[in-house]
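A short worksheet on the structure shown next.
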Amino acid sequence: MLSFQEAKARLETSGQSHVLRFWAELSAEESNTLLEEVSQLQPEELLEHCRAAAEAASRHSSADGRLDARMKPVPPEFIGSVRKSDKETLQMWGDEGLLQISQDRVAVLLLAGGQGTRLGVPYPKGMYNVGLPSEKTLYQIQAERIQKVQELANVKHGSRCTIPWYIMTSEFTLGPTEKFFKDNEYFGLCPSNVVMFEQRMIPAVGFDGKIILEKKNKIAMAPDGNGGLYRALVDNKILEDMERRGVEYLHVYCVDNILVKMADPVFIGFCVNKGADCGAKVVDKAYPAEPVGVVCRVDGLYQVIEYSEIQPETAELRSPGGELLFSAGNICNHFFTRGFLKDVAEKFESQLKQHVAIKKVPFVDGEGNLVKPTKPNGIKLEKFVFDVFQFSKKFVAFEVLREEEFSPLKNADGAPLDTPTTARRSLLAQHYRWALAAGGNFLDEQDKPIPPKHRCMIQNEDPPAICEISPLVSYFGEGLEKLLKQKNLKSPFLLDENEAKNLVKTT
Ligand SMILES: CC(=O)N[C@H]1[C@@H](OP(=O)(O)O)O[C@H](CO)[C@@H](O)[C@@H]1O
């Protein structure tokens with residue numbers, strides 16, 4: 001830790017002496033906390049960070065149109081697609097993925113450093129329970145999907161494989177996430193295969209380029225965006241850990257998508273089969289203003305233009321056939337080879353773009369009183385995970401079905417979209433479809449048949465029968481026919497491992 005004199009010198013060089021302005025009023029403990037924080041800030045980086053933030057503030061307009069003119073859609077023939085591929089091809093990709101998994105060459109990495117501000121909960125989003133009959137949280141669902149896909153690979157190849165689960169947290173989420181996993185015995189996974197690490201925090205800066213103090217002895221800090229991944233991989237020696245385990249392929253995903261297919265064998269197999277070093281799953285955008293980034297090309301390089309950075313007119317452009325021109329919606333499911341990540345870490349990380357978020361950042365005024373601003377006063381700079389696509393030698397996009405793979409939890413109930421209710425409905429609708437396809441018949445509480453509805457509205461209503469299938473029983477709808485065919489299933493129906501055993505007995 002720096003001494004007071006060293007901290008003072010460091011801050012002076014970066015034009016940030018005001019950080020110590022309450023020094024005389026601090027207790028010994030409080031001053032230590034502040035010195036601790038200042039010690040984490042590297043002088044050149046701090047100078048550059050504050051300069052970049054001030055410059056960004058002076059020219060900030062989130063959708064300034066400079067990129068829009070250069071955006072080109074990804075030609076459809078360059079996008080692999082679940083919808084447009086035949087069964088055999090999908091099977092081939094799935095087999096390739098399971099083979100790689102069985103050989104311990106695949107890991108998953110969860111981006112879970114965000115604060116869930118829009119959802120409005122004070123704990124990590126992964127701990128959220130959307131109100132399924134099982135009351136499972138997002139973390140538990142994800143853990144169980146890992147177990148199931150390991151099992152599918154093992155059964156097919158006689159292996160005993162592991163899919164390590166790397167979890168990137170932040171100062172806000174590490175403690176509670178660790179505790180939650182311990183309290184729940186890692187949801188049946190081996191703790192040594194769940195590797196949590198922390199992304200960096202960086203200071204929030206005012207429009208004048210000065211670091212904001214949120215307490216007399218505390219700098220207002222925020223995580224460095226999900227693109228902070230690449231520094232965090234280096235800081236925490238994660239690439240070395242992957243190498244030690246023999247992991248070659250990584251599936252990176254965001255915590256909030258209840259339908260996420262962990263280490264999806266079809267996606268992994270597709271990317272491996274195409275010799276890709278980098279890939280992204282996309283869904284057809286639902287409407288022009290949908291808050292998803294779009295995968296496109298800018299000056300010949302693949303890129304995602306985030307929803308906050310595209311102009312509405314560009315998002316509304318349509319092709320002659322009437323479809324949205326920029327329709328490849330990013331669902332934050334990415335594929336990377338370890339080799340590509342090593343290149344990014346060694347050569348490209350410092351070139352990643354800094355995105356600007358103008359926010360209301362609580363601060364202490366000249367007298368040391370906490371002020372909650374009513375209008376934006378601060379700049380947070382963030383890196384985005386997808387900004388490495390441009391460095392890829394072989395990038396692929398893979399279009400998946402929204403109803404099977406994408407229903408994010410972003411907002412609190414009451415908002416029209418992407419809420420706990422819509423997430424729950426998407427999962428229940430999917431499981432209802434799987435059960436019907438497997439030949440199950442639903443009955444209501446009075447044992448009266450519930451007429452099947454083959455096209456149920458995904459987000460606007462509950463499916464006609466409530467059916468939840470544990471990921472430990474089925475990963476993507478497979479293996480259900482032998483359990484459910486011609487069976488009467490009373491709604492609400494919860495198919496967990498015990499129920500599956502009972503159903504096998506009655507067959
Ligand atoms: C920086 C980043 O990864 N942004 C992603 C991410 O958005 P958030 O609003 O940050 O959760 O998830 C979206 C999908 O849910 C995706 O469309 C978008 O591009």
Side-chain angles (χ1 to χ4, degrees), residues 62-63 67 71 74 109-121 124-126 128 130 138 142 168 170 172-173 199 222-232 251-261 278-296 298 302-310 314-315 324 326-336 344 352-359 380-390 397-412 415 417-420 422-423 426 459:
S62 54
L67 272 177
M71 282 172 68
V74 185
L109 190 147
L110 164 60
L111 303 169
Q115 278 177 287
T117 323
R118 281 174 285 172
L119 184 59
V121 290
K125 259 189 183 181
Y128 201 87
V130 300
L138 296 178
Q142 292 171 19
M168 184 171 83
S170 67
F172 302 120
T173 58
Q199 70 182 110
D224 53 355
N226 60 14
L229 169 67
Y230 306 105
R231 290 180 80 152
H251 173 211
V252 174
Y253 70 101
C254 246
V255 68
D256 58 18
N257 177 11
I258 197 168
L259 300 181
V260 62
K261 288 171 84 176
C278 177
K281 273 191 184 178
V282 297
V283 296
D284 214 9
K285 250 181 92 168
Y287 56 97
E290 186 180 10
V292 293
V294 290
V295 178
C296 62
V298 177
Y302 284 97
Q303 213 172 305
V304 174
I305 304 294
E306 190 61 320
Y307 54 91
S308 50
E309 299 184 354
I310 190 169
T314 311
L324 288 178
F326 295 105
S327 61
N330 171 41
I331 63 166
C332 204
N333 267 252
H334 309 311
F335 167 92
F336 300 116
V344 169
L352 289 187
K353 184 174 168 185
Q354 302 265 18
H355 298 264
V356 182
I358 304 285
K359 301 254 163 109
K380 290 184 178 174
L381 293 181
E382 291 187 337
K383 290 183 174 171
F384 290 168
V385 65
F386 48 65
D387 277 342
V388 298
F389 291 179
Q390 57 175 309
F398 190 60
E399 191 206 342
V400 297
L401 302 175
R402 178 185 287 266
E403 66 271 27
E404 292 296 327
E405 302 212 23
F406 185 53
S407 181
L409 174 61
K410 308 275 185 200
N411 306 311
L417 283 171
D418 303 342
T419 62
T422 59
S426 304
Q459 301 222 317

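All figures in this text were calculated on a predicted structure; none of them were measured in a lab. This chain uses plain numbering: 1 for the first residue, then up along the sequence. Atoms within each ligand, like the ligands themselves, are counted from 1 in listed order.
Counting atoms of ligand 1 from 1 in the listed order, those under 4.0 Å from a heavy atom of Glu306 are 1 (C), 2 (C), 4 (N), 5 (C), 7 (O), 18 (C), 19 (O). Near Val292, with a cut-off below 4.0 Å to any heavy atom, the atoms of ligand 1 are 17 (O). The Tyr307 neighbourhood of ligand 1 comprises atoms 7 (O), 8 (P), 9 (O), with distances under 4.0 Å to a heavy atom of that residue. Within ligand 1, counting atoms from 1 as listed, the ones closer than 4.0 Å to a heavy atom of Asn226 are 1 (C), 2 (C), 3 (O). Close approach to Arg118 involves these atoms of ligand 1, each under 4.0 Å from a residue heavy atom: 8 (P), 9 (O), 11 (O). With ligand atoms numbered from 1 in the order given, ligand 1 contributes 14 (C), 15 (O) to contacts under 4.0 Å with heavy atoms of Phe406.
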Could you go through the salt bridge (Lys or Arg N to Asp or Glu O under 4.0 Å) check for Lys353 and Asp387 one step at a time?
CA-CA 7 Å; Lys353 184 174 168 185; Asp387 277 342; over 6 Å; no

Give the intermediate values and the outcome of side chain to side chain donor-acceptor pair (under 3.5 Å) for residues His355 and Glu306.
CA-CA 10 Å; His355 298 264; Glu306 190 61 320; over 6 Å; no

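Under a 4.0 Å heavy-atom criterion, Lys410 is in contact with ligand 1.
With a heavy-atom cut-off of 4.0 Å, Asn257 does not touch ligand 1 at all.
Partners of Lys285 under the salt bridge (Lys or Arg N to Asp or Glu O under 4.0 Å) rule, at least two apart in sequence or in another chain, do not exist in this structure. Residues passing the side-chain hydrogen bond (donor to acceptor under 3.5 Å, both in side chains) test with His334, sequence neighbours excluded: none.
Looking only at side-chain heavy atoms (C-beta outward), Arg118 and Asp418 stay at 4.5 Å or farther from each other.
Checking only distances, Gly293 does come within under 3.5 Å of ligand 1, N or O to N or O.
Among Val283, Asp284, Ile331, the single residue meeting the side chain to side chain contact (heavy atoms under 4.5 Å, CB included) criterion with Arg402 is Val283.
For atom 16 (C) of ligand 1, the nearest non-hydrogen atom of the protein is Asn330 O, 3.3 Å.
Pairing each heavy atom of Leu119 with each of Ala412, the nearest pair is O-CB, 3.5 Å.
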